[in-house]
There are 2 protein chains.
Amino acid sequence: MREYKELLEEFKTLLKANNLKFTKQRESIFKTLFEYDKHFSPEDLYNLVKKRYPSSNIGITTVYRTLNLLEENKLVTSISFGIAGKKYEFGHKSHHDHLICEVCGKIEEFEDETIEKLQEKIAKMRGFKMTEHIMQLFGICKECQENKNGDDS
Amino acid sequence: MREYKELLEEFKTLLKANNLKFTKQRESIFKTLFEYDKHFSPEDLYNLVKKRYPSSNIGITTVYRTLNLLEENKLVTSISFGIAGKKYEFGHKSHHDHLICEVCGKIEEFEDETIEKLQEKIAKMRGFKMTEHIMQLFGICKECQENKNGDDS
DNA sequence: CTGTGTGCAAACATTTTGCAAGCAG
DNA sequence: CTGCTTGCAAAATGTTTGCACACAG
């Protein structure tokens, strides 16, 4: 995993290349995405940034705009997690898919090369040129299976 | 594939079992889902039903309510297709995944047993009890690859 | 300075809910 | 008849846009 400084430089370069400015709001969003390496809804991220950087006086609008900007430039990825809605994750990791607990909402990541290859094969067989894919496995995680004795606190 | 009559009986039984009524709105929605065996957004379905059964005087509200009812009872399935938003499909078919053309929006279905097994294995390895999964491959279909000579009419 | 970025409020799009009237059983 | 169902309009939710001021370069 790459360091924050390096990624931040990439972000700054990206901004410069597009005649955009490096602002404290953009930085605080970017930093929060990096440090809390999780899956965020725009609102999650908004609340987190507001808590961590009260002085940046962030607005939800800016969060949306920054996420769109980052997504267009592949620095974050968005995924639709069923009921949980659209979420974003920092995009500096290699491709991976998701395993989602339907009880506690926890999201784990995994990779499987064999499946990736099969997917390519399926697409090719049908004449598709595959550009990307989504795979999400839903289920109940270990902890939630163990805690199912009415312990829903 | 099962016949409409049989499926309709299933629907009626379901309604009865829940003390719900069989209305012409519910029937026209159900029938449309069956006959146009496609992937619908609530609005698509609403427009289609309105066109096909003007006398049923359908409202979008009823479409949403009926889709929720059918989904709860596994007669339709909903999937989030990225930018295209949430869509519903009639659920009388066996499990399958989707191949989506990013250019024309066409959705093809496929099944692959090997992948299904691998998914089970991955979930088990991580202590998840898998309940379902989503797999969507995005790409460009054969036709759209061939037509890419500026023919975007 | 200049022009981009910002927060706010308003606008939007989509989905849900409250309600009075309609109709299935 | 009874009470579930309906369409409408209003509300709620999530996201985007218009604007005047702020600020990076």
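Because the structure is a prediction, the values reported are computed rather than measured. Below, chains carry the letters A, B, ... as their sequence lines are ordered, and counting in each starts from 1.
A:H96 and A:E111 share no side-chain donor-acceptor pair at under 3.5 Å.
Taking atom NZ of residue A:K87 and atom C1' of nucleotide D:dT15, one finds them 17 Å apart after rounding to whole Å. Per the geometry, CG belonging to A:L45 stands 15 Å off P belonging to D:dG14, to the nearest Å. If you measure from atom CG of A:N57 to atom C1' of C:dG5, you get 13 Å, rounded to the nearest angstrom. Look at CD1 on B:I60: it is 15 Å from C1' on C:dT17, rounded to the nearest Å. Going from atom NZ of B:K50 over to atom C1' of D:dT6 covers 15 Å, rounded to whole Å. Distance A:I58 CD1 to C:dG5 P: 14 Å, rounded to the nearest Å. With rounding to whole Å, A:K16 atom NZ is found 20 Å from C:dG3 atom P. In this structure, NZ of B:K86 is placed 13 Å from P of D:dG14, rounded to the nearest angstrom.
The side chain to side chain donor-acceptor pair (under 3.5 Å) test with B:Q119 singles out one residue from B:K124, B:H133, B:E132, and that residue is B:H133.
Among the heavy atoms of the strands lying under 4.0 Å from B:S56 are primed sugar atoms or P, OP1, OP2 only; no base atom is included. At the heavy-atom level, B:N18 lies nowhere under 4.0 Å from the strands shown.
Taking CG of A:D112 as the reference point, atom NE2 of A:H95 lies at 10.0 Å (rounded to 0.5 Å).
Taking only side-chain nitrogens and oxygens, B:Y64 never comes nearer than 4.0 Å to OP1 or OP2 of C:dT16. Of the side-chain N and O atoms in B:N68, one or more sit less than 4.0 angstrom from OP1 or OP2 of C:dT16.
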ring-ring contact (aromatic ring centres under 6.0 Å, His included) between A:F90 and A:F30, intermediate numbers included | CA-CA 9 Å; A:F90 204 62; A:F30 190 76; 5.3 Å; yes
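At a threshold of 4.5 Å between non-hydrogen side-chain atoms, the residues A:I29 and A:F40 do not count as touching.
Residues passing the side-chain hydrogen bond (donor to acceptor under 3.5 Å, both in side chains) test with B:Y64: none are found, sequence neighbours excluded.
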Assign a letter to each nucleotide of nucleotides 18-25 of chain D from its 5' end: B, base within under 4.0 Å of a protein heavy atom; S, sugar-phosphate only; -, no contact.
-> B-----BS
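With C:dT16, D:dT6, C:dT6 as the candidates, the nucleotide lying closest to the side chain of B:Q25 is D:dT6.
Between the A:Q25 side chain and the A:T66 main chain, no donor and acceptor come within less than 3.5 Å of each other.
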